[in-house]
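Below: the structure, in structure tokens.
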Amino acid sequence: MNFADALRRLEPTAEITALGTVRGLDTTLIPARGYPLELIPPVSLPRAHRPTGIRMRRPVFSCSC
């Protein structure tokens, strides 16, 4: 949220949308700060600390640059 606030100060016309899940505080804290929230399904990450241990089931991010 601090990063989003800083970005908005630097570029007031920037469109910022946060990604979150129904778990935790995402559904209350993010909208309270004035940012739209897109809900995504929760994905559990493995506890392994090797680079090959982190794989998403499907892409989460996209860019329409």
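If you read the sequence from its start, that first residue is 1, and numbering goes on from there. Quick caveat: nothing in here was measured; it's all calculated off a predicted structure.
In this structure, L39 is a member of the same hydrophobic cluster as M1, with clusters built from ILVMFWY side-chain heavy atoms closer than 4.5 Å. Connection of L37 to I40 is not established within any shared hydrophobic cluster, with ILVMFWY side chains joined at heavy-atom distances below 4.5 Å, either directly or through further cluster members.
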Side-chain atoms of residues 23-32: list all donor-acceptor pairs with protein atoms under 3.5 Å, sequence neighbours left out, distances to 0.1 Å.
residue : atom : partner : partner atom : Å
D26     : OD2  : T21     : N            : 3.0
T28     : OG1  : L25     : O            : 3.1

Identify each donor-acceptor pair in which a side-chain atom of residues 9-17 lies under 3.5 Å from a protein atom, sequence neighbours left out, and give them as a table.
residue : atom : partner : partner atom : Å
E11     : OE2  : T13     : OG1          : 2.8

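In terms of the side-chain hydrogen bond (donor to acceptor under 3.5 Å, both in side chains) criterion, residue partners of R33 (sequence neighbours excluded) are, by chain and number, D5.
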